[in-house]
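So the structure is just underneath, and the comments pick up after that.
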There are 2 protein chains.
Amino acid sequence: MQGPRTVAEQVANVLREAIANGTIKAGTPLRQDELAEQFGFSRMPIRDALRQLEAEGIVSIHPTKGAQVARMDSAEISEIYALRELLESEALRLSVPGLAGAKLDEAEQVLDQIDAERNVGRWGALNRAFHLALYDACGNHRLLGLIEAHHNAADRYVRILLSNLDYRNRSQTEHRDLLAACRRRDGDKAISILRQHLREGSETLVSAIREDGLSRKS
Amino acid sequence: MQGPRTVAEQVANVLREAIANGTIKAGTPLRQDELAEQFGFSRMPIRDALRQLEAEGIVSIHPTKGAQVARMDSAEISEIYALRELLESEALRLSVPGLAGAKLDEAEQVLDQIDAERNVGRWGALNRAFHLALYDACGNHRLLGLIEAHHNAADRYVRILLSNLDYRNRSQTEHRDLLAACRRRDGDKAISILRQHLREGSETLVSAIREDGLSRKS
DNA sequence: GGATGTATACGGGCATACTTATATCCACAA
DNA sequence: TTGTGGATATAAGTATGCCCGTATACATCC
């Protein structure tokens with residue numbers, strides 16, 4: 001696993017993380033020369049990075065008008081969660097029968113790490129790692145790619161969720177139930193837990209966003 | 001609906017169509033200077049176009065090694081069709097209850113156009129238009145975007161299917177059955193027809209590719 | 001006073017030039 | 001003869017500069 005091969009990739013990674021952890025807020029205009037100066041590179045790799053992030057749905061680009069961090073209203077959050085439910089249920093259904101014990105142990109370790117982790121910034125990545133571990137045996141690379149893409153797109157909002165201790169505890173309980181169902185090879189039960197888990201996340205998030213007024217449109 | 005606003009978009013559109021209709025075959029290296037000279041522009045907009053196509057899954061880029069038309073083996077075709085089944089079933093389920101009569105009429109007109117159309121190159125676009133018309137009322141923009149993306153990715157292979165008269169006739173029969181079920185607001189029946197339709201397409205395509213030896217890996 | 005036209009500034013698209021990385025081939029040695 | 005090392009060529013990555021489209025503000029006309 002080698003690091004980023006081009007400057008554009010490095011820039012994309014830094015920007016992605018900055019957007020995910022809230023350092024750069026939704027709607028912020030991303031000017032090429034400004035970023036170029038900050039990163040110490042020219043505008044060209046920054047352009048490439050912005051295109052990459054646009055493809056991931058994190059940034060929106062309007063020709064001749066420039067790029068900005070994609071704004072998401074509650075409707076779009078709902079859409080993403082509806083898609084996550086669809087995609088991840090399918091991945092889980094395909095994966096459960098073939099899930100190796102080692103993968104399940106790996107997933108359990110991730111849950112323990114989440115409980116032990118004090119650094120807020122790590123929770124998002126660990127949360128994702130747990131979910132992806134369970135889907136690992138689904139056998140459809142594109143499906144996994146789509147799931148990862150949607151995690152990326154929603155990451156900065158998921159982190160809002162995870163900063164809430166109440167939600168985090170409930171979430172962990174559900175995670176362990178989910179893992180147990182997978183160990184029993186009870187795919188149907190696992191799926192129903194997952195769906196419930198995602199619905200709660202969606203509802204919690206939508207109401208949080210509505211009251212925080214983060215949903216102002218562009 | 002205005003045309004492409006930038007050179008990069010024009011280039012992307014031309015390349016996408018050329019790849020879809022087989023003018024540029026899978027595995028063909030896409031060199032920046034070469035394309036720049038052919039199109040009469042510099043490498044920069046070509047780079048942008050290639051990144052765009054990479055995001056769509058039509059082109060694969062390896063840093064410092066260049067871009068090539070993405071190769072797809074039969075396993076990947078199967079994956080895409082499995083995803084289409086998942087995504088389009090859901091879109092149809094959501095859309096059927098709210099489908100306006102006008103949209104259904106529009107879909108029917110598209111079917112008539114397919115029957116009348118003699119130009120092979122148009123079938124792909126018409127086929128897509130029919131399917132998308134039925135999903136129009138699903139209410140999830142991202143879902144529609146994903147469906148369109150998968151149509152794009154598989155387009156050049158779908159055209160292989162559609163050039164087969166036998167398949168085309170069967171396909172049209174299923175299309176009309178599907179439309180009828182939608183008119184009756186029978187979502188379950190519509191979905192089962194759609195799933196069958198896509199499974200047939202997948203199987204026909206996979207065997208066609210296997211015997212034509214188009215599945216050689218990179 | 002409101003609407004329409006015009007000037008100016010800002011910023012992104014595109015072109016050109018330079019740098020760096022990878023692959024290929026040939027020379028030389030084991 | 002084969003393998004390894006380095007030189008060279010090719011093509012992508014990156015830097016910089018210019019041009020043009022869009023926006024904002026101010027002026028002018030109805």
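Letters A, B, ... mirror the listed sequences (proteins, then strands); counts begin at 1.
- The CD-P distance, from Gln32(A) to dT14(D), rounds to 15 Å in whole Å.
- Counting only distance, with no hydrogens or angles, the side chain of Ser89(B) and the backbone of Ile191(B) share no donor-acceptor pair below 3.5 Å.
- With sequence neighbours left out, Glu90(B) forms a side-chain hydrogen bond (donor to acceptor under 3.5 Å, both in side chains) with Arg93(B).
- Nearest heavy-atom pair across Ile61(A) and Leu50(A) is CD1-O, 3.9 Å.
- Rounded to a whole Å, the CG atom of Asp33(B) is 17 Å from the P atom of dA9(D).
- Heavy-atom distances under 4.0 Å link DNA chain C to Phe41(B), Ser42(B), Arg43(B), Met44(B), Pro45(B) of residues 40-57 of chain B, given in residue order.
- Annotation: cation-pi geometry satisfied between Arg168(A) and Trp123(A) (NZ/CZ under 6.0 angstrom from ring centroid, within 45° of ring axis).
- Protein chain A touches strand DNA chain C; the 5'-most and 3'-most nucleotides with an atom under 4.0 angstrom of its non-hydrogen atoms are dG11(C) to dT22(C).
- Atom CD in Glu37(B) sits roughly 12 Å away from atom P in dA11(D) (whole-Å rounding).
- Residues Thr64(B) and Arg5(A) fail the side-chain proximity criterion, which asks for heavy atoms closer than 4.5 Å.
- Side-chain contact, His175(B) with His197(B): a donor N or O sits under 3.5 Å from an acceptor N or O.
- Remark: P of dA23(D) and CD of Gln68(A) are 13 Å apart, rounded to the nearest angstrom.
- What separates CD1 of Ile61(B) from C1' of dA11(D) is a distance of 14 Å, to the nearest Å.
- Salt bridge absent: Asp155(B) and Arg16(B) never bring a charged side-chain N and a carboxylate O closer than 4.0 Å.
- A salt bridge does not link Glu9(B) to Arg51(A): none of the charged side-chain nitrogens sits closer than 4.0 Å to a carboxylate oxygen.
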